[in-house]
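Atoms considered below: every heavy atom in the structure, side chains included; atoms not considered: hydrogens, waters and symmetry mates.
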Amino acid sequence: YKKLARRLAAAIAIVVLCLIPSLGLYAITGEAAATWATVAGIAGVAAVVSGGRQVAILSSLIMALITPLAIVAGSVPIAGAALMALMCLMVGHMSRFGLNRATLLVPVFMAWMIIQPPVWGAQKLLDRTDGTYLAWMTLFFLIGALVPVLVLSLVMRKIHLPTPSPVTHASREAIRYTVTITVLTTATTFWVLDHPKQVAGAWVISTILVLAQVGEVGTLRRTVPRVVGTLLGMLIVGVIVLEVNSMVVLYVIGLVFGVAAITAKFSPHYWIYMTLITPTVVCLGASSSSQLGSLGTQRLLDTLAGAGLVLIAAGLTIGYSRVTQRLEGTPKGATTDMKV
């Protein structure tokens, strides 16, 4: 119980820390798009925990600078797909140094900026070339990420986190991981942008990036819990749709589930985290209570699609690995016996 209490306290502190910049920016602009500062804060916190202060600051700056490029590139399918490919190549390269987890949320959240950026102004319109809009979105991500990074770095200055090793992953595994995420996310981004009705396609990309792991075992271990957790989360969303009509109440419910999800993230039970994070993103992402059902259904379909693509890719890469080992006479497991 003491451990659970500490996790809960840490989760509440993280949510509050990420909310403060968002609330301040909303008070200044009056734009709902300011809530993306909270999303940026989550990316910053993850980068601090996984890579340290310097990596987190660099990731925050890169994410903020990519934001206007992502919004503009999304107007042309080939440009949006190319930008996604560049980000995934970066993450794949960082996996050689054990820093892919610290940078993974950059392409995850930029997928939304490419595919479905927030609306702006009293008319709630989306103009991807509006300079004012692009400048504020860049500022939202910059302030939203840097504030939690700097505060958390100060708080955790006496805590010695594990240092990522530059030889964490073998070259072959890093290459297979890079090829997998780059090909799948690039093709998905192009297809979604080329079919505008698939507005929630960013969830396919996030599923691919989260499920795909460096190494063969990690991918398979995460796929089933993610699908099961999403299905259970959908049941919770169904109850919310029937009982709640107020957007304020929905937002509060989303925050409560967010705290619970972060608490569960510290545990080894990934399916519990997925069960809790599903209603979190659906409640916080809905613009009306009536939209909850459609968003929940879209998330479920996108999760299944992303999981299917990752499993197919994993099967192909495992098969290729076995064939090359036999051709080269490499002992089975010689390059895959490592922590994933």
Side-chain angles (χ1 to χ4, degrees), residues 11-74 83-84 87-88 90-91 94 99-120 126 128 132-156 202-203 205-206 209-210 251 254-255 258-259 261-262 265 277 280-281 283-285:
I12 294 174
I14 290 172
V15 170
V16 171
L17 182 60
C18 294
L19 275 176
I20 291 175
S22 180
L23 294 175
L25 291 167
Y26 178 78
I28 295 173
T29 63
E31 294 289 344
T35 56
W36 277 95
T38 302
V39 173
I42 295 173
V45 169
V48 171
V49 174
S50 302
R53 180 175 60 87
Q54 293 182 350
V55 172
I57 292 176
L58 183 60
S59 296
S60 300
L61 292 174
I62 291 175
M63 182 170 59
L65 293 174
I66 290 178
T67 298
L69 300 178
I71 294 174
V72 174
L83 182 60
M84 179 57 66
M87 289 188 288
C88 288
M90 176 195 71
V91 172
M94 297 302 286
L99 293 173
N100 51 303
R101 291 183 180 273
T103 56
L104 185 66
L105 290 182
V106 174
V108 167
F109 293 146
M110 286 301 103
W112 288 99
M113 296 298 104
I114 293 174
I115 296 172
Q116 193 183 13
V119 294
W120 189 264
L126 173 60
R128 291 178 179 266
T132 301
Y133 169 60
L134 295 176
W136 274 112
M137 289 303 302
T138 302
L139 200 60
F140 291 162
F141 273 90
L142 181 63
I143 296 177
L146 281 182
V147 169
V149 165
L150 297 176
V151 173
L152 197 61
S153 298
L154 183 63
V155 172
M156 299 176 63
W203 276 330
I205 296 172
S206 65
L209 290 173
V210 171
Y251 190 76
L255 292 178
V259 170
I262 294 174
K265 184 68 173 176
I277 199 64
T280 300
V281 297
C283 289
L284 297 181

### Spatial distance of atom CG (Leu23) from atom SG (Cys18) [nearest 0.5 Å]
11.5 Å
### Task
Using a 4.5 Å cut-off on heavy atoms from C-beta on, say whether the side chain of Met84 contacts that of Pro107.
yes
### Query
Is the backbone of Ala56 close enough, under 3.5 Å, to the side chain of Ser59 for a donor and an acceptor to pair up by distance?
no
### Straight-line distance of Met87 CE to Leu69 CG, nearest 0.5 Å
9.5 Å
#### Entry: Heavy-atom closest pair, residues Gly144 and Pro148
O-CD, 3.0 Å
### Message
Please report the interatomic distance CG(Leu142) to CE(Met63), rounded to the nearest 0.5 Å.
### Response
9.0 Å
### Message
When you compare the side chain of Ile71 with that of Leu134, does any pair of heavy atoms fall below 4.5 Å?
### Response
yes
### Task
Could you walk me through whether Ile14 and Val259 pass the side chain to side chain contact (heavy atoms under 4.5 Å, CB included) test, one step at a time?
CA-CA 8 Å; Ile14 290 172; Val259 170; over 6 Å; no
### Query
Which atoms form the tightest heavy-atom contact between Ala37 and Leu25, and what is the distance?
CB-CD1, 3.8 Å
### Query
Taking the side chain from Thr35 and the backbone from Ala32, do they hold a donor-acceptor pair closer than 3.5 Å?
yes
#### Entry: Heavy-atom side-chain proximity of Ile277 to Ile262 below 4.5 angstrom
no
### Query
Heavy-atom distance under 4.5 Å between the side chains of Leu99 and Val91, does that happen here?
no
### Message
Is any side-chain heavy atom of Pro118 closer than 4.5 Å to one of Met113?
### Response
yes
### Query
Ignoring hydrogens and geometry, is there a side-chain-to-backbone donor-acceptor pair from Thr38 to Ser22 under 3.5 Å?
no
### Message
With a 3.5 Å distance limit and no angle check, can you tell me whether Arg128 reaches the backbone of Ile114 through a side-chain donor-acceptor pair?
### Response
yes
### Summary
The side chain to side chain contact (heavy atoms under 4.5 Å, CB included) partner of Val48 among Val55, Ile57, Leu150, Leu152 is Leu152
### Query
Do the ring planes of Trp112 and Trp36 sit parallel (below 30°), tilted (30 to 60°) or perpendicular (above 60°)?
tilted
### Rounded distance [0.5 Å steps], CD1 in Ile12 versus CG in Leu255
11.5 Å
#### Entry: Euclidean distance, Met110 CE relative to Leu83 CG, rounded to 0.5 Å
9.0 Å
### Task
Over 60° means perpendicular and under 30° means parallel, so classify the ring planes of Trp120 and Phe140, tilted if in between.
tilted
### Message
The test is side chain to side chain contact (heavy atoms under 4.5 Å, CB included); show your working for Leu17 and Val151 and say whether it passes.
### Response
CA-CA 8 Å; Leu17 182 60; Val151 173; 3.8 Å; yes
### Query
How long is the span from the CG atom in Asn100 to the CG atom in Leu209, to the nearest 0.5 Å?
10.5 Å
### Message
Could you check whether any side-chain heavy atom of Ser60 comes within less than 4.5 Å of a side-chain heavy atom of Phe141, counting everything from C-beta outward?
### Response
no
